[in-house]
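In what follows, every heavy atom counts, from backbone to side chain, and hydrogens, waters and symmetry copies are set aside. Each chain gets a letter, A, B and so on, in the order its sequence line appears, and its residues count up from 1.
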Amino acid sequence: MIPRGGGRALNAYDSYNSMELMICLAARYLEDGATVVVGTGAPCAAAMLAQKLYAPGLVIMFEAGGIGPLLPTMPISVGDSRTFWKGISASSMPEIMELCQRGMVDYTFLGGAQVDMYGNINSTQIGGRQAPPKVRFPGSGGANDLASLCWRTMMIAPQDKRRFVPRLDFMTSPGYLTGPGAREAAGLPPGTGPYKVITQLAVFGFDDATKRMRTENLHPGVSAPEVQDNSGFELLWAPELPVSVPPTGDELAVLRREVDPYRYIIGRN
Amino acid sequence: MIPRGGGRALNAYDSYNSMELMICLAARYLEDGATVVVGTGAPCAAAMLAQKLYAPGLVIMFEAGGIGPLLPTMPISVGDSRTFWKGISASSMPEIMELCQRGMVDYTFLGGAQVDMYGNINSTQIGGRQAPPKVRFPGSGGANDLASLCWRTMMIAPQDKRRFVPRLDFMTSPGYLTGPGAREAAGLPPGTGPYKVITQLAVFGFDDATKRMRTENLHPGVSAPEVQDNSGFELLWAPELPVSVPPTGDELAVLRREVDPYRYIIGRN
Amino acid sequence: MPQGELFVPPQPDALRDWFRHKPKHLTRKVTTAREAIGQLVRDGDYLAVGGFGTNRIPTALLHEILRQGRTGLGMSGHTATHDFQIMAAGPCIDRVDVAYVVGLEARGLSPAARRLFEGGLLKVTEWTNAALAWRYRAAAMGVPFLPSRIMFGTDTWEYSAARAIQCPFTGMKLAALPALSPDVALIHVHEADVYGNCRIQGISVSDPDLARASRRVIISAERLVPHDEFRRDPTRTVIPHFCVDAVVEVPYGSYPGNMPYEYFSDEEHLQAWLEAERTPESLRAFLDKYILGVEDFPQYLHLCGGLPRLQKLRRLELMLDTEGRGESTERL
Amino acid sequence: MPQGELFVPPQPDALRDWFRHKPKHLTRKVTTAREAIGQLVRDGDYLAVGGFGTNRIPTALLHEILRQGRTGLGMSGHTATHDFQIMAAGPCIDRVDVAYVVGLEARGLSPAARRLFEGGLLKVTEWTNAALAWRYRAAAMGVPFLPSRIMFGTDTWEYSAARAIQCPFTGMKLAALPALSPDVALIHVHEADVYGNCRIQGISVSDPDLARASRRVIISAERLVPHDEFRRDPTRTVIPHFCVDAVVEVPYGSYPGNMPYEYFSDEEHLQAWLEAERTPESLRAFLDKYILGVEDFPQYLHLCGGLPRLQKLRRLELMLDTEGRGESTERL
């Protein structure tokens, strides 16, 4: 637990772990009336939290077909029956992917084993590009599709030098590829790309001119050198680096009591 | 009414009109377990008759989405509720067209204002190809699709020199286009094309070598010159010209009592 | 190369921007036909109509377009029969992608629609029902075209705006059909909630794709049902709310067309339309009486025989005889 | 140009011939899992599985493939998780189109599946979920490819077998996805009749397209229902009988996966699988106990706790607490 604030006696909401912090920060980016395709885990927790606190009109979707459920608990699979529990529509994989392709989905959240300075993501394998790999991961799933087609891609991911790498072992899903204009040149829809990366240390955006990852907020108690030390590539820095506003009591209460009462996700810290 | 047979006293099933004859002949071509996309009118009557008499497993489909109805009466529209009355599936236009495109539909029946010696059909307009036309008809509807994609195209049509023409005013739907190999060269699926044309005078097939229309059966009491005189193009002739087997009492009974009791179609003669 | 005009060229990126800014949250969209048409259909728009000509058609919305005197509309003729007839009566339209128009299937040809074509008053591009269905599908998928195997070798092809392409895998020749995203889609459904979620019973024709392909979507519904009814059985949602801009509750809204499971088509009234069309003058008198001279759709229904007539059409649809017994093939 | 191997090249004309000769009439297709797999799945076939990894999966059919010792199968990895795990356990497979495999979502990675990949025992082509979904759709539509806007610029693209094409209307670059027609599809549904008509409640994932794309289709169904039930409400028919070759009634057939509206996934058993996979020996012992050493699926269910366990999973699915009250978020 990271103690929050100064000399007061700690109560339950004065401390939070990094998973709770990342989820609460992510939730604040999802505005009311937006659409978001999420997976299980932290992104789903963030979307649920946003829906309960800030964005009652957030339309949560899952790639297997669930649209607008009243999520009663955290899904275990992006295709399980919770993903369309009292939903607007129990549709299909093509329905969701086509919603994304025709521009109706604002946000998606992705994870991965590695990310580079352009927000490109590896969820396929460690080791050379030629089989057999040293470690095989699941592959794209819907990640490449969502990163290609949704307007804004977000990541919630722990950060260290193994994960923030200068060169991906395999580029599963597109960030800004090799920099400005590269997505459009490659054939991806204009105006799309990585938006925010939220780690246990900081919040990153992407620099307009270079499309490189840029530190925008440091979490409470985190220093800039610490952030750079936990990245295998050189980070850019916003002119101002406001400290991330820590989770509020409300956020933590709803997250712990309603979103993830069994600590499936927030217990993983 | 065309009197059937010789000197016996006529009863109801000893005579029939040409619409009844055409429907009964057409019905015999639809084998059990086949699939057929039909429109309203005579083709639908033929399919219903076949289903009741010869082909209980005939799967009747309508381009708007109806699949396998237990047709209680003749539909008025190929999209009305009779077309999926107690049906196997109430699907969609793309569902039916994709069934055709992937090769699952054996037969279709088309009509038209004009047909040429290759079985090409005009249901678009009379007058030059450039608008405005002298007479405008509905256009392709699903006819071009069905003629392109179903395995065998059938026609039930009255025959005269205005309808059997040397050159169509507009080729709406493909028969054999300009002859052998032309469909494949144009890009249409191999092995498809016109199969039989049933008129008030004769049954026509298509000659393998030339893909031209070929008289195969003369209806009772009809002569070869009469058939040629009612065609604006030169007909080919099968080596044998058996007389069409006239409607049986069973066929006429079912057609008149069950298929078209209000004589919507068979009264049009 | 086909020489037809492409009235609505595919623009996937412009559409992405459009769809991005459609509202996605649950907002109340219930309004009147007058308001919906007044605000969402503009002169010159390209229009597409759901259902199938005389089946599950949004008659009330079409009457309203006629009543408000819209002109210069483009129209998709994906089996447009009575719907086309209403638009041709204005005439509200000046260009049409034809698959099937002018005819009313077995009922005959529309004299008024013929006059537009034969008088050269319409710009025309030829297609087929599958072509228009797949053009909607392409737009709904967010791609600029779909390949197909239709139309080759015919004049339909020559006067379409399709293009021949070669398959990069097989080398096959294919007909590329350009995505069609209408400015406005008008769709009649069985049930909607106030947010625009929709259910259809029976064949959906091309309406799921059409609702997803179009920039603006106006729904008329036989009845509004509680939002929770959709959440109770989300498998049955055919059109989700975020595709929809306006919802109008119109009982008997497909009359004189057939509404599956609700009422059959009124063949007598459809025949009266066709007969009224014989001359422009008789058509004008007919329109004055039934559409232009009435305030709203309930008045039209009243003029056509009102509830007793609709009750009869309901029995016909359900195949009940005059005594209410089922499986009847009587003509009522 | 992408360098992945195209395991199943598009062949629309060969497929047309195949589909032409599938029987279309209503014939009884009910059989056992053993018979269905025995007759319809051959060594070397290319396989695709419906549902979504641990949701609505045809577990009984997959067990039977394992039990009958099929080898050299190809497999579509359109989110294949527990289904992939079963096929990898054989191993029954030697090549895979990957979108999502090896992982079981939040549950972790399958050691046995990793051993296949990391030991170089599989031929692999990379795709995405949308790519495989649209590849099924292309085959279901009867076209050799569909265009899309995915995968560009990545290694996923490089190791796929897609092709870049140019749109004939807009000039846009598009990713052409080759039609994928599996030799066999295995799909678990809620309800089927003896002819193979099927209904699914909840998300359909890609199964409507998959059933239409595949040469042979084996359905396992929670329950058979009378044929007339389909005719009573034909709007709900998701897969029509003429796509289907065999129907097997398997109550709880998606266990240990989730079956929407019926029973939740058995997370304990799924964890036990993952743990058993740690070494080939422990996996073999697990398989011997649960699959290879049993006669049929009911025996497997019995070993896993039988009806009491399934009753618990049913309550979990319906969110009933131990007292049967609704909306419970208790872990039973």
Side-chain angles (χ1 to χ4, degrees), chain C residues 1-2 6 8-16 56 130 133-135 137-150 161-180 189-191 199-204 208 232-238 260-261, chain D residues 1-2 6 8-16 56 130 133-135 137-150 161-180 189-191 199-204 208 232-238 260-261:
Chain C
M1 197 166 76
L6 190 50
V8 187
Q11 297 182 297
D13 287 331
L15 268 177
R16 280 181 59 88
R56 203 168 45 68
W134 288 327
R135 292 186 63 197
R137 165 78 60 85
M141 290 183 72
V143 292
F145 79 92
L146 284 179
S148 72
R149 309 187 69 179
I150 53 173
R163 292 287 176 269
I165 59 169
Q166 198 185 17
C167 172
F169 300 98
T170 60
M172 290 168 64
K173 188 176 162 190
L174 295 163
L177 305 169
L180 172 52
V189 303
H190 290 77
E191 297 177 337
R199 286 179 180 171
I200 291 170
Q201 278 291 100
I203 54 171
S204 58
R232 193 188 58 74
D233 192 1
T235 308
R236 292 177 58 200
T237 307
V238 171
Y261 304 101
Chain D
M1 196 166 79
L6 189 50
V8 186
Q11 296 183 298
D13 288 332
L15 268 178
R16 280 180 59 88
R56 202 169 45 68
W134 288 326
R135 292 186 62 197
R137 165 78 59 85
M141 291 183 70
V143 292
F145 79 91
L146 284 178
S148 72
R149 309 187 70 180
I150 53 172
R163 292 288 176 268
I165 59 169
Q166 198 184 18
C167 172
F169 301 97
T170 62
M172 291 168 63
K173 187 177 162 190
L174 295 163
L177 305 170
L180 172 54
V189 302
H190 290 78
E191 297 176 339
R199 287 179 179 170
I200 290 170
Q201 279 291 101
I203 55 172
S204 57
R232 191 188 58 76
D233 192 2
T235 307
R236 292 177 58 199
T237 307
V238 171
Y261 304 101

### Nearest heavy-atom neighbours spanning D/I200 and C/T235
O-CG2, 3.9 Å

### Query
Do you know which of C/A138, C/P12, C/P9 has the most heavy-atom pairs under 4.5 Å to chain D?
C/P12

### Query
Non-hydrogen atoms of chain D under 4.5 Å away: do they reach the side chain of C/I203, the backbone, both or neither?
neither

#### Entry: C/R137: partners by side-chain hydrogen bond (donor to acceptor under 3.5 Å, both in side chains), with sequence neighbours left out
B/E98, C/D209

### Task
Search all heavy atoms of D/W134 against all heavy atoms of D/I150 and return the closest pair with its distance.
CZ3-CD1, 4.0 Å

### Query
Do you know which of D/Q11, D/R236, D/M141 has the most heavy-atom pairs under 4.5 Å to chain C?
D/M141

### Task
Tell me, for C/F145 versus chain D, whether the close heavy atoms (under 4.5 Å) come from the side chain, the backbone, both or neither.
both

### Query
When only pairs under 4.5 Å are counted, which of C/A179, C/G202, C/P10, C/P178 shares the most heavy-atom pairs with chain D?
C/P178

#### Entry: Engaged part of C/A162 at the chain D interface, taking heavy atoms whose separation is under 4.5 Å
backbone

### Query
Looking at C/S148, C/P168, C/P234, C/P260, which makes the most heavy-atom pairs under 4.5 Å with chain D?
C/P168

### Task
Please list, chain by chain and in numerical order, all residues satisfying salt bridge (Lys or Arg N to Asp or Glu O under 4.0 Å) with D/R199, sequence neighbours excluded.
D/E191, D/E229

### Message
Between C/C167, C/A161, C/A176, C/P147, who has the most heavy-atom pairs with chain D when the cutoff is under 4.5 Å?
### Response
C/P147

### Task
Check D/A164 against D/K173 and note the closest heavy-atom contact, atom names and distance.
CB-CE, 4.0 Å

### Message
If you compare all heavy atoms of D/P2 against all heavy atoms of D/R163, which two are closest, and at what distance to 0.1 Å?
### Response
O-NH1, 3.6 Å

